Asks: 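The structure under discussion is supplied below as structure tokens; questions concerning it will follow.
Below, read A as the first sequence line, B as the second, and so on, with proteins coming before strands; counting in each chain starts at 1. All values derive from a computational prediction rather than experimental measurement.
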Amino acid sequence: MKLATWNINSLKVRLPQVLAWLQDNPVDALGLQELKLTDDKFPHEAFSEAGYHSSCFGQKTYNGVALITRAPAADVVRNLPELDDEQARVISATLDTPQGPLRLVNAYFVNGQEPGSEKFAYKMRWLAALHDWIKEQLRQHPCLVLMGDFNVTPEDRDSWDPVGLKDTIHHTVQERTHFQQLLALGLHDAYRLFEQPEKSFSWWDYRQLGFQKNRGLRIDHILVSDALHAQVTACTIDRAPRKNPQPSDHAPVVVSLQG
DNA sequence: ATGTCTTCCAAGGGAAGA
């Protein structure tokens with residue numbers, strides 16, 4: 001089975017690209033971030049016609065997440081129950097698989113603007129709340145996948161310019177410590193379970209020919225729990241959609257699981 | 001590199017967020 005995550009920076013603009021990508025990449029589940037639309041504008045019908053179920057948690061202008069699944073999704077939970085948050089950033093659901101129930105958590109992590117800002121403080125609070133909630137979710141659901149736009153480069157090799165961008169947003173020790181604390185719960189960065197090309201990124205700034213020069217960051221991740229670790233057979237970043245006209249600034253990340 | 005893209009509000013272009 002295959003799972004994918006993709007920040008599409010407006011579903012209204014990118015819906016045709018998402019449908020085309022699903023046609024070429026018939027994954028079992030796709031987590032979308034930055035829908036930038038409200039639930040009443042979510043194109044459930046378009047996904048249904050493509051053979052997918054969809055659950056959404058939208059918001060006007062900003063944020064918004066969705067899970068697109070081949071099979072129906074059960075026990076849908078929106079946002080982090082323990083955090084009082086006006087922003088729509090998390091949607092979770094359970095998929096029935098031949099291997100048993102699989103819990104999917106799809107999240108659009110806080111950007112954080114810059115270290116020291118109020119938005120950065122919100123990022124830290126949000127990350128702490130996510131950690132505590134994932135810890136509890138893992139007790140209930142040993143087979144768990146946490147995927148999304150993490151807005152964190154886990155290590156220097158995940159940035160095109162770790163020296164020039166040292167201590168800037170996506171690169172701070174505080175953010176990376178939170179990432180490590182998620183791993184410490186018994187999660188594994190699926191991408192790093194395999195040999196990968198150097199300078200592998202999932203996001204490139206629209207400005208200054210960022211993609212063409214491969215000036216990017218690897219900030220979109222798929223973490224799998226201990227119980228799933230042995231089943232992971234591949235993890236790749238699909239750069240192809242970034243070459244489309246009117247692309248998202250992010251590329252999809254895809255993980256393959258045995259069975 | 002005040003660089004680009006998207007949306008909102010509200011009627012044109014500026015502000016905000018990423």
Asks: Can you tell me, in whole Å, how much space there is between the P of B:dG12 and that of B:dG17?
Replies: 25 Å
Asks: From the list B:dC5, B:dT7, B:dA18, which nucleotide is the closest neighbour of the side chain of A:K119?
Replies: B:dA18
Asks: With rounding to whole Å, what would you report as the distance between B:dA11 and B:dC5 at their P atoms?
Replies: 26 Å
Asks: Salt bridge (Lys or Arg N to Asp or Glu O under 4.0 Å) with A:E136: which residues, sequence neighbours excluded?
Replies: none
Asks: Please give me the minimum heavy-atom distance between A:H221 and A:V152, naming the atom from each residue.
Replies: NE2-O, 3.0 Å
Asks: Starting from C1' on B:dA18, measure out to CD on A:E114 and report it in whole angstrom.
Replies: 13 Å
Asks: Parallel, tilted or perpendicular: which fits the ring planes of A:H170 and A:W203, with parallel below 30° and perpendicular above 60°?
Replies: tilted
Asks: Expressed as a whole number of Å, how far does the C1' atom of B:dG14 sit from that of B:dA10?
Replies: 12 Å
Asks: Heavy-atom nearest nucleotide on DNA chain B for A:G112 versus A:R14: which residue maps closer to 5'?
Replies: A:R14
Asks: In terms of side-chain heavy atoms of A:T61, which of B:dT6, B:dT7, B:dA18 is nearest?
Replies: B:dT7
Asks: Of all residues at least two apart in sequence or in a different chain, which pass the salt bridge (Lys or Arg N to Asp or Glu O under 4.0 Å) check with A:D205?
Replies: A:R207
Asks: Between A:Q246 and B:dT6, is there a contact of a side-chain N or O with OP1 or OP2 at under 4.0 Å?
Replies: yes
Asks: Closest to the A:Y62 side chain: B:dT6, B:dA16, B:dA18?
Replies: B:dA16
Asks: Looking only at side-chain N and O atoms, does A:K12 come under 4.0 Å of OP1 or OP2 in B:dT6?
Replies: no
Asks: Could you please name the option among B:dG17, B:dC5, B:dT7 that lies closest to any side-chain atom of A:V13?
Replies: B:dT7
Asks: Quick one: on DNA chain B, does A:K60 or A:E34 contact a more 5' nucleotide (nearest heavy atom)?
Replies: A:K60
